[in-house]
Number of protein chains: 2
Amino acid sequence: MKINTKVELGIVALTDIAVHSENGESVRSSDIADRQNISQKYLEQILLGLRQGKFVKAQKGIHGGYQLSRPADRIMLCDILNALDNNILANTYEPDDKQPDGIRASVNNCLWSNLNSYMRSFIEDMTLADLIKEYKEFSAKEKDYMYYI
Amino acid sequence: MKINTKVELGIVALTDIAVHSENGESVRSSDIADRQNISQKYLEQILLGLRQGKFVKAQKGIHGGYQLSRPADRIMLCDILNALDNNILANTYEPDDKQPDGIRASVNNCLWSNLNSYMRSFIEDMTLADLIKEYKEFSAKEKDYMYYI
DNA sequence: ACAAATCCTATTGACATAGTAGGAATACCG
DNA sequence: CGGTATTCCTACTATGTCAATAGGATTTGT
């Protein structure tokens, strides 16, 4: 399944902000862009969407930057996905009136619609906090590994 | 999730062929096109792919048409999807060497890669026979419903 | 020979994606 | 108040994919 870059980078950016604002400071887009190897201008567009979706607060000016708008465990992944891409979780089938025998309708029910529900159930309860937790475990493991070399 | 028309129509076409060749006769593309309200020329392209993927056998000439290449319960849906669209079940993430801190990598593990596995597990054991069964139950219900009107 | 079917490939228009670019607006600091 | 650093907003563009159209070549049965 192809994930577009806005969705992927948006989630990466949110995770980056969460991880780097634990001291209470704002995170600049230029820092995120450097750390995550993203074009800053493109990242700004993505962050704009994330702010309009109320996932982050932005502060302009010399000590400006971004912070999460609320604790990470109250930022639902499905909301982020919907804000950044209106197709990824949507069931896009539309019935065709001119089709009498119902094969298309039943394939949709049995396959696409069920697959869609299934995907939603995977995402449903996940929050940004889960990604942060995963990242911390991941980087702790890396550190251990480096230590033993 | 957006399903492209080749995938959707391909599966519909296969189901149509299965349902309409139970007497042993081949099914013409023009009949499928009429029944399912698809452009015949476009359908031919899709059927070409299905034949090259060994899901159907084709017969040219005046009594030609298409038949399943083997019983429907041995035609796996995941194989069809892979033949018609090489992204739909693929995990398209590619690691970025220039990225030191591992946020992208861990988001991929926790989210995209797991979501992909989850989707696969839904499709994994389904065959064309399941769709045919669903369709028959569906159309039986429709018939009952019409009867009571 | 003819008709009817599949087979194959080229082309096109529309749309989405992945950026690039330029500057406006705002906030802080001296 | 002026300068600088930041976000904010919009326009543009290049590329690729998708969905479909089109035209004819090939094969088969009668």
Side-chain angles (χ1 to χ4, degrees), chain A residues 1-10 12-13 17 20-21 25-34 36-69 84-88 90 92-94 96, chain B residues 1-13 17 20-21 25-34 36-69 81 84-88 90 92-94 96:
Chain A
M1 179 181 182
K2 204 169 144 197
I3 305 296
N4 69 37
T5 59
K6 276 206 169 155
V7 171
E8 195 213 327
L9 300 181
V12 166
I17 291 168
H20 291 93
S21 65
E25 290 201 348
S26 291
V27 181
R28 281 173 302 202
S29 65
S30 58
D31 288 342
I32 304 173
D34 286 349
Q36 307 304 330
N37 194 38
I38 311 171
S39 140
Q40 184 181 344
K41 277 294 196 180
Y42 191 35
L43 178 62
E44 283 177 7
Q45 283 183 39
I46 296 169
L47 288 167
L48 193 57
L50 290 173
R51 194 202 46 143
Q52 287 166 348
K54 312 260 186 181
F55 303 107
V56 297
K57 286 180 295 189
Q59 174 71 24
K60 287 184 183 177
I62 195 136
H63 289 141
Y66 299 88
Q67 284 184 308
L68 298 188
S69 65
L84 293 172
D85 177 352
N86 51 18
N87 275 327
I88 193 166
T92 56
Y93 175 80
E94 37 198 71
D96 179 350
Chain B
M1 180 180 180
K2 204 169 144 197
I3 305 295
N4 69 35
T5 60
K6 278 209 166 149
V7 171
E8 195 212 327
L9 300 180
I11 288 178
V12 166
I17 291 169
H20 291 94
S21 64
E25 291 201 346
S26 291
V27 181
R28 280 174 303 206
S29 65
S30 59
D31 288 342
I32 304 173
D34 285 349
Q36 307 305 329
N37 194 37
I38 311 171
S39 141
Q40 184 183 344
K41 276 294 196 180
Y42 191 36
L43 178 63
E44 283 176 7
Q45 284 183 39
I46 296 168
L47 288 167
L48 192 59
L50 290 172
R51 193 201 47 141
Q52 288 167 347
K54 313 262 186 181
F55 303 107
V56 297
K57 285 179 299 191
Q59 173 72 24
K60 286 185 183 178
I62 194 135
H63 289 141
Y66 299 88
Q67 285 185 304
L68 298 187
S69 65
L81 297 185
L84 293 171
D85 177 351
N86 51 18
N87 275 326
I88 192 166
T92 56
Y93 176 79
E94 39 198 70
D96 178 351

Could you give the CD-to-P distance, from A:Gln52 to D:dT7, as a whole number of Å?
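The distance from CD of A:Gln52 to P of D:dT7 comes to 15 Å, rounded to the nearest Å.
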
About how many Å separate NE2 of B:His20 and CD of B:Glu25, when rounded to the nearest 0.5 Å?
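Nearest 0.5 Å value for the CD-NE2 distance: 12.0 Å.
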
For B:Ser29, report the nucleic acid contact type (base, sugar-phosphate, nothing); a contact means any heavy atom under 4.0 Å.
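Since only primed, P, OP1 and OP2 atoms lie under 4.0 Å of B:Ser29, the category is sugar-phosphate.
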
Restricting to side-chain hydrogen bond (donor to acceptor under 3.5 Å, both in side chains), what partner residues turn up for A:Ser21, sequence neighbours left out?
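Partners of A:Ser21 by the side-chain hydrogen bond (donor to acceptor under 3.5 Å, both in side chains) criterion come out as none, since no residue qualifies.
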
Just the rounded figure in Å: distance from P of D:dA22 to CG of B:Leu43.
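Answer to the nearest Å: 16 Å.
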
Nearest heavy-atom neighbours spanning A:Ala13 and A:Leu43:
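Of all heavy-atom pairs spanning A:Ala13 and A:Leu43, the closest is CB-CD1, 3.9 Å.
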
Do the side-chain N or O atoms of A:Arg51 get closer than 4.0 angstrom to the phosphate oxygens (OP1, OP2) of D:dC8?
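The answer is yes; a side-chain N or O of A:Arg51 sits under 4.0 Å from OP1 or OP2.
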
Degree of bending in the helix from C:dA1-D:dT30 to C:dG30-D:dC1 once both end axes are built from five pairs, to 10°
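If I round to tens, the end axes sit 10° apart.
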
Can you pull the contact range of chain B along DNA chain C, 5' to 3', using atoms under 4.0 angstrom from its heavy atoms?
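First-to-last contact on DNA chain C, by the 4.0 Å heavy-atom rule, is C:dA4 to C:dA10.
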
Starting at CG of B:Leu81, measure out to CD1 of B:Ile88 and round the result to the nearest 0.5 Å.
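Answer for the CG-CD1 pair, B:Leu81 versus B:Ile88, is 5.0 Å.
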
Within the structure shown, what part of the strands sits under 4.0 Å from A:Glu8 by heavy-atom distance: base, sugar-phosphate, or nothing?
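Result for A:Glu8 = nothing.
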
Residues two or more places apart in sequence or in another chain: which of them pass side-chain contact (heavy atoms from CB on, under 4.5 Å) with A:Asn87?
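Once residues adjacent in sequence are excluded, the partners of A:Asn87 under the side-chain contact (heavy atoms from CB on, under 4.5 Å) criterion are A:Asp85, A:Thr92, B:Lys2.
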
Say you draw a straight line from OG of A:Ser29 to CD1 of A:Ile38; how long is it, rounded to the nearest 0.5 Å?
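That separation rounds to 10.0 Å.
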
With respect to B:Ile17, which candidate in B:Val12, B:Asp31, B:Leu47 satisfies the side chain to side chain contact (heavy atoms under 4.5 Å, CB included) definition?
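Only match with B:Ile17 under side chain to side chain contact (heavy atoms under 4.5 Å, CB included): B:Leu47.
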
What is the distance, to the nearest angstrom, from the CD1 atom on A:Ile46 to the C1' atom on D:dC9?
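So the two atoms are 15 Å apart, to the nearest Å.
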
Contacts of B:Ser39 that satisfy side-chain hydrogen bond (donor to acceptor under 3.5 Å, both in side chains) - sequence neighbours left out:
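side-chain hydrogen bond (donor to acceptor under 3.5 Å, both in side chains) list for B:Ser39, sorted by chain: empty.
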
Contacts of type side-chain hydrogen bond (donor to acceptor under 3.5 Å, both in side chains), residue A:Asn86, not counting sequence neighbours:
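Partners of A:Asn86 under the side-chain hydrogen bond (donor to acceptor under 3.5 Å, both in side chains) test: none.
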
Going 5' to 3' along nucleotides 13-21 of chain D, which nucleotides have protein heavy atoms under 4.0 Å from the base (write B), which only from the sugar-phosphate (write S), and which from neither (write -)?
------SBB

Distance in angstrom units between A:Glu44 CD and D:dA11 P, rounded
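Value for this atom pair: 17 Å.
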
Of the non-hydrogen atoms in A:Leu84 and A:Lys6, which two are nearest, and what is the gap between them?
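Here A:Leu84 and A:Lys6 meet closest at CD1-O, 3.6 Å.
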
Could you give all pairs that pass the side chain to side chain donor-acceptor pair (under 3.5 Å) test and reach residues 44-64 of chain B, with sequence neighbours left out?
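The answer is B:Gln40-B:Glu44.
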
Which heavy atom of B:Gly10 sits nearest a heavy atom of B:Leu50, and at what distance?
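In terms of heavy atoms, the two residues are closest at O-CD1, 3.7 Å.
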
For nucleotides 25-30 of chain D, which of its nitrogen or oxygen atoms have a protein nitrogen or oxygen under 3.5 Å away, and what is each distance?
| from | atom 1 | to | atom 2 | distance (Å) |
| --- | --- | --- | --- | --- |
| D:dT27 | O4' | B:Lys60 | NZ | 3.3 |

